[in-house]
Asks: 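Below you will find the structure I want to go over with you.
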2 protein chains.
Amino acid sequence: MLSQATMSQPRGAVRPFATVPPQPASLNSLFGGQPIETFEPGTAVFWEGDDARHVFEVVEGVLRVFRILSDGRRIITGFIYPGDLLGVSLKDQYLYTAEAVTRTKLRRYEHGRFQDEINRSPELRPQLFACLCDEMAAAQDQMVLLARKSAEERVASFLLVIARRLGDDARQPVIEIPMTRLDMADYLGLTIETVSRTMTRLTNCGVIAPSSRHAMVVRKLGKLAALAGEIDADDKSAAGVGAVQQAVWPQ
Amino acid sequence: MLSQATMSQPRGAVRPFATVPPQPASLNSLFGGQPIETFEPGTAVFWEGDDARHVFEVVEGVLRVFRILSDGRRIITGFIYPGDLLGVSLKDQYLYTAEAVTRTKLRRYEHGRFQDEINRSPELRPQLFACLCDEMAAAQDQMVLLARKSAEERVASFLLVIARRLGDDARQPVIEIPMTRLDMADYLGLTIETVSRTMTRLTNCGVIAPSSRHAMVVRKLGKLAALAGEIDADDKSAAGVGAVQQAVWPQ
DNA sequence: GCGAAGTTGTGACGGTTTGTAACAGCCGCG
DNA sequence: CGCGGCTGTTACAAACCGTCACAACTTCGC
């Protein structure tokens, strides 16, 4: 789960995160000669505990990466998008399950050979390290979200990251949300009901507008960023949503 | 935050520079020649947003690594122990603040030179890579904890990790908890009250026994593991300490 | 020895979120 | 066209945890 187009979100108001598009002579070119494999929605690429024999590059589609507790609780630790790498780890076994959310096309690379290539190339190495650091930053953002953010902030943060992945030029971007509510809930540490309720509130106050079942328009990107907990709470232009606003910022 | 497998400190071992070319065998030996700096409890090594000029090796003591939301909420993303590396990142700025919990001794290495050494040495690279993977695995564990575990499971998981860090397979290990309840709360995504109450419950049902203010004995390691959510829930020997056990100890 | 400040433990109360429903919308199928 | 199956939405009661308050305790300084 190496997010090149990382899910990292800027922290603090001041630091926009300039994500670098995949370089042509880059990690991805390693996979150029490999055949493309297709995975239908819901099918697993590998399971937690499988021997980690391959590294994958996502060519097309979206995957979810998750772990499951013994009693069935599922935690999605990330979503993987085209251009990302999957399964990069020095462990003998995969630490998580990877499943296709949409129909997904992958290229496969044998694990040992991948490491050899990395070791050999002084150009690829920094790229891989940068990927790892990006992924680490994303993981820390997620820890912040899960540890201290409210349901509304979590959903807003999630939508914001997706909106920014597209390239934030559009002030009212149309964003695709290929995953189900259950996926979102298991990623954000909430239940589907809470996700649903929160999205309804965001719709009611005009921040977002549903476009189709798995797409929407972000009407107020700034307000979304405010709700995500990125801006100072006393910023008056960043008021909360509906009844919750009173409870959260009682001024 | 880079937990290395080895906690060895070759303090007195001075490398005979006349015989061996500068190709250190382990990451820690890189820092061997650097002077030791001391940080008193509560003092910061660096702040989030500082230019990332150095990499540190922890020689002695414990640090907390955290981020703070704009309204003051603090999230501790990890604790750093002797033998760990601190500040390894390819970012220009530190992504978090690092503060001494106890009196801490560090060695400092200039960031650019650290990268050069890593790039040059085919021995160090896999070590650093393994460290990053370990850190990534820990981050995922933490995401699981924060997203889906109950207060009791979180505290139990935390104590379990500390108990296992000691490595001695003593069945009733004495564990040191140098951090305050507030640190634990901000690490586990709870409040100090909840942490306090949960530890009291664990004490009441004999899983742990307080030894001093910042130390305790783990009396039932297996039960602690069960409470941490690692074992199957229908394992009868691993009953909860909540309502069920309150019936057994009705004071 | 004494008081102040910080840390920790305990209780009562309330709020956010969850769990359990029932219901509505979308889709493929016969 | 009507039918289940699935996903998503809404409502209500319950649970867990957070908030507030206060007491006990330690640590430090004087």
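Values below: all heavy atoms of this structure, side chains included; hydrogens, waters and symmetry mates excluded. Naming: A, B, ... by sequence-line order, numbering from 1 per chain.
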Asks: Rounded to the Å, how far apart are B/M199 CE and C/dT10 P?
Replies: 11 Å

Asks: Backbone N or O of B/L190 within a donor-acceptor pair of the B/T194 side chain at under 3.5 Å?
Replies: no

Asks: Output one line per pair: protein atom, nucleotide atom from nucleotides 19-23 of chain D, and distance, for all N/O pairs under 3.5 Å.
Replies:
unit_1, atom_1, unit_2, atom_2, d
D/dT19, O4, B/R197, NH2, 3.3
D/dC20, N4, B/E193, OE2, 3.2

Asks: What are the two closest non-hydrogen atoms of B/V62 and B/P178, and how far apart are they?
Replies: CG2-CG, 3.9 Å

Asks: In whole Å, I'd like the distance from the CZ atom of B/R181 to the P atom of D/dC17.
Replies: 17 Å

Asks: Over all strands shown, is A/G189 touching base, sugar-phosphate only, or nothing at heavy-atom distances under 4.0 angstrom?
Replies: sugar-phosphate

Asks: Between B/K149 and A/S196, who's closer to the 5' end of DNA chain D by nearest nucleotide?
Replies: A/S196

Asks: Which comes earlier along DNA chain D counting from the 5' end, the contact point of A/R148 or that of A/L182, where each point is its nearest nucleotide?
Replies: A/L182

Asks: Please state how far atom CG in B/D183 lies from atom C1' in C/dT8, giving the value in whole angstrom units.
Replies: 13 Å

Asks: How is A/T180 classified with respect to the nucleic acid when contacts are heavy atoms under 4.0 Å: base, sugar-phosphate, or nothing?
Replies: sugar-phosphate

Asks: For the pair made of CG in A/L202 and P in D/dT9, what is the distance, rounded to whole Å?
Replies: 12 Å

Asks: Measure the distance from CZ on A/R154 to P on C/dT17 and round it to the nearest whole Å.
Replies: 8 Å

Asks: Whole-Å distance between D/dT9 P and A/I208 CD1?
Replies: 10 Å

Asks: Evaluate ring-ring contact (aromatic ring centres under 6.0 Å, His included) for A/Y96 paired with A/F66, printing each intermediate quantity in order.
Replies: CA-CA 5 Å; A/Y96 41 74; A/F66 61 88; 9.3 Å; no

Asks: Between B/L190 (CG) and C/dT16 (P), how many Å, whole number?
Replies: 18 Å

Asks: Whether the side chain of A/H54 engages the backbone of A/R108 through a donor-acceptor N/O pair (distance < 3.5 Å, no angle test) should be reported.
Replies: no

Asks: Taking all non-hydrogen atoms of both residues, which atom of A/P210 and which atom of A/T203 are closest, and how far apart?
Replies: CD-CG2, 3.5 Å

Asks: Any carboxylate oxygen within less than 4.0 angstrom of a Lys/Arg side-chain nitrogen, looking at A/D186 and B/R148?
Replies: yes

Asks: Taking all non-hydrogen atoms of both residues, which atom of A/I80 and which atom of A/L85 are closest, and how far apart?
Replies: CG2-O, 4.4 Å

